[in-house]
Structure formats: C-alpha cells, structure tokens
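To start, the structure under review is shown below, and the notes come after it.
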Amino acid sequence: MIKAIHTQVKGRARYKVDQLYGSPLLQKYLERSLGNHPEITYVCANSFTSNILVIFTNKYSYHTIGLLIEETLKNYHPKSSLNNAELVINHAQEQKSDHWHLMTAEQVIDTLNSAQISGLSSESALGNLTKYGQNILTAIPTHSPGKILIDQFKSLPVALLVAAAGIAMITGGIIDAAVIMGVVGLNAFIGYTTESQSAKIIQSLQNQEQILTWVIRDSQQMEIPTEKLVIGDILLLKSGSYIPADARLIEADNLIVDESPLTGESIPITKTITPVFGENIPLADRSNMVYQGTFVTGGQGLAVVVATGRFTEMGKIQQLVNQATATDTPLEKQLDQVGNQLVLLGMGICSFVFGLGVLRGYGLLTMMQSSISLAVAAVPEGLPTIATTTLALGIREMRKNNVLVRSLKAVEALGSVQTICLDKTGTITENQMLVVEIRTTTQQITIAEESLNPYSNDELLKLIHISVLCNQSEVTQQDNGEYGVTGSPTENALIYLAIRAGVDVIELRQKYELLETNLRSENRNVMSTIHRLDNDHKLIAVKGNPEEMINLCQWWMKNGQVVPLTPEDRRGMEMENHRLAAKALRVLGVAYGYVDHDHCDNYENNLIWLGLVGMTDPIRMGVKQLIGDFHQAGIETVMITGDQSSTAYAIAQELELSPDSQLEILDASHLESLTLEELTAVSDQVKVFARISPSSKLQIVQALQAGGKVVAMTGDGINDAPALKAAQVGVAMGQGGTDVAREVADIVLEDDRLETMIIAVSRGRTIYNNIRKSVHFLLSTNLSEIMVMTTATAAGLGEPLSAIQLLWLNLISDIFPGLSLAMEAPEPDVLSQPPRNPHEPIIKNSDLGRIVFESTTISVSTLAAYIYAILRYGMGTRASTVACMTLTTAQLLHTISCRSENHSIFSREQLPNNNYLNAAITGSFIIQLLALAMPPLRKLLRITPISFVDGAVTVGAALLPFLVNESTKVMDQIPKLN
C-alpha cells in the first residue's frame with residue numbers, strides 16, 4: 001500500500017510504501033528505476049522507515065509520482081531486478097568518469113541538476129551523499145582478527161602436534177595431551193599477537209587529518225569536510241588549493257594546475273572551459289577537467305564535481321591496487337616447505353622406529369608412546385611464528401629509525417637489492433634553487449656573499465627585471481620589511497635574486513601590469529608573459545630552455561644597444577650554456593620584446609636576448625657519503641632526472657655515482673626510440689637517465705629487472721605507483737608522498753630522508769639473516785632430538801626423553817631463545833657484504849651440512865651422558881634426567897653459536913651485545929633448575945634431582961659440542977684470510 005505524505009514544498013513529496021520495510025533489495029530497485037525518469041531529479045528510499053522521498057520537476061504532480069511508484073512496484077522481480085539495476089548504474093558510472101570533458105559546461109551543470117551561481121541545495125547534497133556515499137577512497141583491505149587467529153593453525157607442524165595430542169589422549173596420556181595443546185595454544189598466541197601488532201603499525205601511518213573544501217551551496221560560499229563533497233557541488237578553486245574530487249571546469253581565470261601526482265606531467269597545465277573533441281583522450285589532454293589529488297598553482301576558477309570517492313581517477317587506481325591478490329613470498333614458501341619436510345621426515349622416522357620396536361618385542365603401547373615422543377621431537381614448534389615474529393620485531397626496530405616495512409617481501413628483497421633508482425630533485429638535492437652565476441652579453445657574474453649592484457650594467461638590470469615579470473611566484477611584504485615568496489623553487493630563486501639586488505619587486509610588478517601568461521608545455525620549454533607598457537605598446541618577458549630561447553631571438557642587447565644576432569653570436573651563447581650546465585647548474589635563457597596593441601601575433605619570434613642565469617639545487621648533506629655506502633654494500637645507484645644531460649653528468653660526477661668512473665648517460669630522446677630488449681641491453685651500463693618524465697620510470701624499472709637486477713625504486717606521487725609496485729622494493733615518502741604511493745610501496749620513509757635507506761638496507765639484511773639464524777637454530781636442535789631418540793631406540797637403550805620432557809625441552813630451549821635471535825643487531829660487516837642471491841634458498845646445501853654436523857655433536861655428547869647415567873644408575877628416571885639436562889643445556893649454549901655464521905667467541909671482532917638473548921638463555925636455565933627443585937614440576941616432567949658429579953658430567957657434555965662448533969668457524973675463516 002502506498003500513502004502519499006503531502007508536503008508544502010512544490011516539486012517534492014514523501015510516500016509510505018509498506019512493501020519496502022526490511023527489503024534493501026527493493027530499496028535499491030526503486031531508487032534506480034525511478035531515478036531513470038528524466039523529470040525525477042532525486043529519489044531516496046529507506047527500508048527501515050518504509051518512506052520514499054522524491055524530488056521532481058513541475059511537469060509532474062505528487063499524485064502522478066505515486067502512480068509511477070505503483071507501476072514500478074508491479075514490475076519488481078526480486079531475482080532479476082538487482083542485476084538489471086546494476087547494469088544501469090554501472091553504465092551511468094562509466095559515463096561520469098569518461099565523457100564529461102566532451103560536454104559543454106552548461107550541459108554538465110544541467111545533467112547534474114546543479115547551478116553555477118547557487119550550487120546544490122542542502123537537500124540535494126544530502127540526497128547525493130546518501131546515494132553515492134562519502135568522498136573517501138576505498139580502504140586497503142586488512143585481515144580480520146579472526147582470520148589472523150585461524151591462520152595460526154593452518155600448518156602441517158601444528159596438525160601433527162594436534163594428532164600427537166589425540167593419540168596421547170587415546171593411550172591414556174591426558175597430561176601429555178594437555179601439555180601438547182598448551183604448546184600449540186602458546187604458539188598461536190605469539191603468532192596472533194605479532195601479526196596483529198604488524199597490522200596496527202601499518203595502519204597507524206594513514207593520514208587521519210580532516211581536510212576542508214570551499215563550495216557553493218544554497219547560493220552561499222561555505223567550507224565543508226572533504227568527505228561530505230558530492231556530485232553536483234560547485235568547487236571554488238584558488239591558487240595553492242588541493243583538488244578533492246574529479247570536476248568539470250565551468251570558469252577558469254588563468255587557472256594553472258599541477259597534475260604531476262596523477263599524470264606524471266611535471267609542467268603545470270593551463271586549464272580552459274572549452275570542450276575537447278576526439279576519442280580516448282588521455283587525462284593529461286583533458287584541459288577542461290581537474291582531478292582529485294592535484295593542486296592549483298595559479299589563477300582561480302569554478303568547477304562542478306562529477307566524480308567522488310572510488311569513482312575518481314585516483315579511486316580507480318586504488319581499486320586496482322586492492323584487487324591485486326597477495327601471495328606467499330618465496331621466504332614464506334621456503335619456511336613452510338622446511339617445516340613440512342621436517343614433519344614428513346619425523347613421521348618417516350616414527351614409522352621406522354615403531355616398526356623396529358615391534359619387531360624387537362616392545363609392546364604396542366610402549367612404542368606408540370615412543371612414536372609420540374619422536375613426533376614431538378620432529379616438530380619445530382617455533383617455526384610457524386619465526387617469520388612473522390621476526391618481521392614484527394624488525395618493524396619495531398626500523399620504526400625507531402623512521403622506516404616502515406609493510407611486508408615480508410620487502411625484507412627478503414632488501415637483503416638482495418642490487419640497484420636503487422633515485423630521483424634527483426627533492427631526493428638527491430634539496431629542491432631549493434639558488435642563483436649562483438649570471439652571463440650577460442658583456443659580463444660573467446658569480447653571485448657571492450657580497451651585495452649585487454645591477455644599476456651599473458643595463459643588461460644585468462634588464463635581465464633581473466624580466467626575470468621578476470616572467471614569474472608566477474607570489475610576493476608579499478610584511479610590516480617589518482621582510483618579503484614572503486611563494487612559488488616554485490626555480491622562480492622563487494629569481495625573486496630572491498632581485499630582492500638581494502635591491503629591486504622593489506612589488507612596485508615593479510605594479511608598474512608593468514600583467515595582461516597574459518603563457519606557460520611551458522610538453523613541447524615548449526619556454527614561458528612568456530605580456531605586460532602593459534603604455535597605451536600603444538606591450539612588453540613581452542620570456543624565459544626558458546636556452547637552446548629554444550636562442551632560436552627565438554633575432555637581436556641581443558650589448559653595451560646598452562640592441563644589435564642583430566649573428567650565427568657566430570649564437571654559437572657563443574650555446575657554448576656558454578654548455579659551460580654552465582657542465583658545472584651542474586640549471587640554466588635559463590632570458591629575453592624580452594615589444595609589440596603594438598594591434599599586432600600581437602608571433603610576438604615570440606622577434607625577441608631580444610639578455611643572457612643566461614645559472615642556478616644550483618644544492619645536494620643534500622650526506623648524500624655523497626650515502627652513495628659511497630651503497631657502493632660498499634654492493635648496490636648500484638642510478639639517478640633519474642629531468643635535467644639536460646650535461647647538468648646531470650656534472651651532478652653524477654660530483655656524487656661519484658659510478659665507482660669505476662665509467663659514467664654512462666641515456667637521454668630521454670634516445671629512450672623513446674629503444675625497444676625493451678634494447679633498453680635492457682644498455683641499462684646495465686647506464687648510471688644516469690636524463691630529461692626523463694616521471695611516467696618513464698616504470699619503463700626503466702622493467703628494463704633493469706629484465707636484465708636480472710633486483711631493483712629498489714623511490715617515489716612519492718600517484719603516477720609513481722606502477723613503478724613502485726613493479727620494483728621488488730618500492731620506497732615511498734611518508735610526509736611528502738601521496739596516500740596511494742604509500743599504500744603501494746613496500747617501504748615508507750616517514751621522515752622523507754634518503755639517508756634512511758641505508759639503515760633500511762642494513763636492517764633488511766639483518767632481519768633476513770636473523771630469520772636464517774632462527775631457522776638454523778630450530779632445525780639443528782630439533783634434528784639433535786630426533787638423532788638422540790632414534791639412536792637410543794634403535795640401539796635398545798630405552799627412551800632417553802618422554803614426550804612431555806621433549807615438549808618441555810622445546811618450550812624452554814626453542815621458542816624464546818629462537819625469538820631472541822630475531823633481535824640480533826646488525827653484524828659489523830653486514831654492509832660490506834654483497835647483496836645475497838635472491839634465488840638461493842633460505843637453507844643452502846652448505847647450511848644443511850653444517851646443521852647435520854652441529855646436531856651430531858650435540859646428539860653424541862647427549863647420548864654419551866645418557867650412557868654414563870645408564871651405566872651408573874641403569875635405565876630409569878635418573879638416566880632420563882641426565883639426558884634431559886644435558887640436551888637442554890647444549891641447546892641453550894647452541895643459541896650463542898647460532899648468532900653468526902662467521903664470527904665465533906674466539907674472533908677478535910666481537911658481535912654486538914644482545915640483551916634479549918642473554919635474558920632468554922639465563923631465564924631458561926633458571927626455569928630448568930626450578931623444574932629440578934620444585935616437586936610438582938619434577939613429578940610432571942618425571943625427573944629427579946641429580947648429584948654434583950652428574951651435574952659436572954651434564955655441563956661438560958653440553959659445553960663440548962659448543963666449543964667444537966665454535967672452533968670450526970675459526971677453521972673455516974682461515975682459507976678466506978689466506
């Protein structure tokens with residue numbers, strides 16, 4: 001039943017629809033179906049209140065709308081309506097994102113039911129907000145706490161422990177089963193805690209600051225939260241403002257937008273309201289559109305919002321990132337494989353020992369219990385959590401140095417990075433330009449600390465004036481006389497030069513009124529401005545790429561006189577340009593001209609040359625040392641810059657970018673003509689890519705990877721996201737970078753300091769090495785347990801350790817000592833070693849040989865102590881206690897031996913102190929001694945106090961394999977030293 005609730009507002013009515021209650025599907029169907037009628041401007045249905053609000057034109061009455069709702073309800077089919085509605089809405093969304101630039105501004109405003117002067121009404125804005133949602137990007141999906149917990153039980157070692165607990169319960173070992181499940185629960189708790197901590201650390205980086213946006217609503221200018229922005233809102237665009245949504249321009253007054261974060265085009269774009277024509281027009285060529293994530297650098301304008309949130313171009317990029325499925329990294333797969341192989345080996349040995357015992361006449365129950373013991377010995381309880389725990393602890397340590405590691409993949413790759421691609425501007429340099437040299441037609445001026453007097457030279461004064469006029473930096477003067485300059489680093493440097501020379505910049509600009517600005521474009525590296533000179537003439541001020549500027553000039557000012565340019569003069573200018581560029585300076589040519597008010601065509605082809613301005617972007621302090629550190633670590637450095645080749649070469653020489661002094665440069669003009677195969681062939685030698693646009697970074701990264709390199713890539717813009725994701729290690733800036741770049745990247749430098757990268761490499765190598773150490777420790781200790789149990793059973797020596805003793809042993813000597821190895825500090829030579837081979841397994845063949853040797857020494861020593869106890873006391877609790885104490889002590893001492901593959905306790909160069917390891921070993925020893933001293937624990941573990949002689953045998957038997965294993969490290973180093 002439909003009941004109309006008449007309102008006094010013309011063109012608006014509310015209806016009560018009983019069928020709507022509790023049916024979200026019907027709610028969507030009504031909204032989308034009614035919204036397709038051109039005379040209905042807004043529909044909002046609510047399945048909780050059963051109400052529908054409809055706003056319509058004067059053509060319909062509220063009674064007609066009621067009949068239309070009834071007709072719509074008759075056509076409702078729950079099984080098919082949603083799909084059909086989805087097709088309609090998807091088609092509409094595609095129109096929104098792709099075709100607004102082809103329409104006139106008036107058509108866009110009418111289509112969105114907005115108005116240029118009054119904007120949306122509050123009701124319409126609320127309706128659009130309800131219909132399309134808030135203007136926020138889709139959140140990066142994260143694992144729920146429940147999934148993280150369930151994942152802790154998805155491994156073969158855990159499954160085997162659960163099976164062992166079940167068998168123990170069947171055979172009457174209730175306590176054994178409870179202890180086994182307790183260990184499983186403890187491991188799950190550790191894994192859950194560390195993974196949850198990692199997720200919280202990553203999420204904490206997201207920017208939660210609320211941004212406000214100026215819009216026109218209800219005929220008033222107001223500031224609203226950006227997330228409340230809706231389709232149809234009229235945006236107020238001003239210089240310096242952030243564009244919060246995709247919008248179609250309806251007014252543009254010298255509006256200039258920096259779209260480099262989205263398109264990769266580093267030159268700001270001049271915007272118009274004129275429709276563009278053609279198919280498949282790229283974003284960079286849609287001159288009448290502005291997009292979320294870009295910035296207004298000059299002028300002002302109005303724009304109507306056409307897409308918000310996930311429907312914006314930035315939102316589409318983020319959705320593509322979200323759709324990428326995460327797979328296990330090679331290291332995770334290797335750890336799973338190692339754990340599974342050890343479990344399968346243990347099961348095979350269990351079956352062998354069980355069969356052997358039955359053949360020797362042991363009872364089935366006895367052999368079942370022995371098999372449970374072997375199964376427990378074979379399972380490395382700490383292995384499932386080693387990777388996640390080590391990563392979480394590593395993340396915490398790196399976070400202290402403002403380095404955020406987002407994934408285990410990054411840890412793996414950091415240990416094997418062979419090439420790092422570095423942006424020049426803002427990364428290698430400070431992005432703060434400074435004029436250091438000027439070359440007029442008659443003078444070569446080096447800007448020093450002393451004052452600069454331009455009034456003694458006509459060419460110099462004219463050059464400074466033109467540099468101020470052909471300039472977009474905003475200049476203000478405070479009451480105390482200090483100037484405030486806002487603009488690009490290059491143009492700011494020219495303003496500061498004039499201020500330093502004593503020029504009144506503000507008065508000069510007022511004297512020559514700005515009439516028109518023509519900015520640089522992709523195919524035109526020249527900027528010009530037109531100023532009012534008098535009633536009949538205009539002044540043309542021009543600056544830009546010297547090579548292009550020279551071709552535009554027909555005259556030059558020399559000794560105050562304007563004289564024609566000869567070919568010889570042009571060659572001299574070109575030589576001066578190359579001389580300045582070779583000094584690592586950014587060089588601009590400056591020229592001017594005059595035109596009549598009635599003759600403004602081709603005004604840039606008859607200019608008067610003034611001279612060259614050389615600027616420097618100072619190299620960041622410590623970057624040269626950083627480059628040397630990268631080279632010492634075996635990492636090649638590649639610089640990517642938009643500068644001309646001569647400037648890039650000089651900077652690379654100063655940085656000693658190539659350690660062998662063989663510096664190869666590839667210019668963008670040659671890059672475009674190369675195929676991927678050709679670029680791959682030459683990229684191995686190229687250290688500098690010059691005049692490169694940001695969009696070419698992906699091509700460079702792919703070429704380096706195709707050549708077999710493990711590549712790290714730095715970036716901060718949305719356009720960098722593909723290259724960041726393609727690189728094995730994507731590095732984004734935490735402060736200056738965009739959200740999309742940070743979310744795609746594997747590493748985030750929170751302080752934007754490049755020097756932090758060497759810390760990241762050091763810690764990355766250390767984290768990977770620490771995982772290797774922990775795995776090495778677990779495998780060698782668990783293998784020693786298998787050897788002890790198998791050998792004793794096969795030799796008829798009984799059961800040295802029961803299942804509960806093995807669980808206790810692994811709990812005491814495996815988990816916490818193994819985790820303490822994850823806290824090892826970087827070894828002294830970690831940055832003197834070459835990057836590891838990314839294809840090598842975490843446990844190499846040489847490692848397997850050493851693991852077997854170490855396990856054998858521990859097993860032999862433990863069995864010797866066990867045999868001593870058997871000979872003295874016979875098989876029973878005392879002998880088992882001696883074996884348990886010996887094996888526990890030997891494994892705890894073996895933790896020290898696993899701290900380094902090369903450094904031993906006998907080495908001159910001592911390893912950094914590890915307080916966590918000291919506490920783990922000391923604490924484990926104390927707990928083991930408490931087990932001997934406390935009757936309840938003794939009863940649970942089935943052990944007994946031992947005599948002083950037994951204690952001495954235990955300590956001696958445990959110390960011997962430690963000394964043997966440490967001595968072999970010294971022996972292994974002798975050939976390397978020779």
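Values reported hereafter were calculated over all heavy atoms of this structure, with side chains retained and with hydrogens, waters and symmetry mates removed.
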Taken to the nearest 0.5 Å, the spacing of S124 OG from N113 CG works out to 7.5 Å
Across all chains, not counting sequence neighbours, the salt bridge (charged side-chain N to carboxylate O under 4.0 Å, His left out) partners of E516 are none
Test your reading of the model: is there a side-chain donor-acceptor pair from T111 to the backbone of Q107, 3.5 Å cut-off?
yes
When you measure from the side chain of N471 to the backbone N and O of E491, does any donor-acceptor pair fall under 3.5 Å?
yes
Taking every heavy atom of I231 against every heavy atom of L120, the minimum-distance pair comes out as O-CD1, 3.5 Å
Verify, without hydrogens or angle tests, whether S114 (side chain) and G232 (backbone) share a donor-acceptor contact under 3.5 angstrom.
yes
With side chain to side chain contact (heavy atoms under 4.5 Å, CB included) as the test, would you mind laying out the steps for L514 and T529 before giving the verdict?
CA-CA 7 Å; L514 176 64; T529 54; 3.8 Å; yes
Minimal heavy-atom distance between D746 and A727, with the atoms involved, is OD2-O, 4.2 Å
Could you walk me through whether D233 and R217 pass the side chain to side chain contact (heavy atoms under 4.5 Å, CB included) check?
CA-CA 7 Å; D233 266 326; R217 281 188 186 174; 2.8 Å; yes
R753: partners by side-chain hydrogen bond (donor to acceptor under 3.5 Å, both in side chains), with sequence neighbours left out:
none
With side chains defined as the heavy atoms from C-beta onward, is the minimum distance between L235 and P244 less than 4.5 Å?
yes
Give, for atom CD1 of I216 and atom CG of L302, the distance between the pair rounded to the nearest 0.5 Å.
5.0 Å
Who passes side chain to side chain contact (heavy atoms under 4.5 Å, CB included) against I506, sequence neighbours left out?
V475, Q477, Y483, D504, Q510
Validation row: V108, I250 side chains within 4.5 angstrom (heavy atoms)
no
Could you report the tightest heavy-atom contact between Y291 and I243, atom names first, then the distance?
O-CG2, 3.5 Å
Can you tell me how far the CD atom of Q292 sits from the OH atom of Y242, to the nearest 0.5 Å?
4.5 Å
Set of side-chain hydrogen bond (donor to acceptor under 3.5 Å, both in side chains) partners for N288, sequence neighbours left out
none
Minimal non-hydrogen separation, R248 against H101, with atom names
NE-CA, 4.3 Å
L129: which residues meet the side chain to side chain contact (heavy atoms under 4.5 Å, CB included) condition with it, sequence neighbours left out?
Q134, K228, V230
Do the non-hydrogen side-chain atoms of I109 and L112 ever get within less than 4.5 Å of each other?
no
Run the side chain to side chain contact (heavy atoms under 4.5 Å, CB included) test against D218 and tell me which residues pass, sequence neighbours left out.
S121, S122
Which atom of V276 lies closest to which atom of S287, heavy atoms considered
CG1-OG, 3.8 Å
Closest heavy-atom pair, Y132 versus F311, reported as atoms and distance to 0.1 Å, is O-CE1, 4.5 Å
Non-neighbouring partners of E251 that pass side-chain hydrogen bond (donor to acceptor under 3.5 Å, both in side chains), sequence neighbours left out
Q116
Taking it one step at a time, do V296 and L255 satisfy side chain to side chain contact (heavy atoms under 4.5 Å, CB included)?
CA-CA 7 Å; V296 178; L255 184 66; 3.7 Å; yes
Does L212 form a side chain to side chain contact (heavy atoms under 4.5 Å, CB included) with I224? I'd like the steps, not just the answer.
CA-CA 5 Å; L212 299 177; I224 65 171; over 6 Å; no
Contacts of T213 meeting side-chain hydrogen bond (donor to acceptor under 3.5 Å, both in side chains) (sequence neighbours excluded), chain-then-number -> T226
Who pairs with E106 by side chain to side chain contact (heavy atoms under 4.5 Å, CB included), at least two apart in sequence or on another chain?
T104
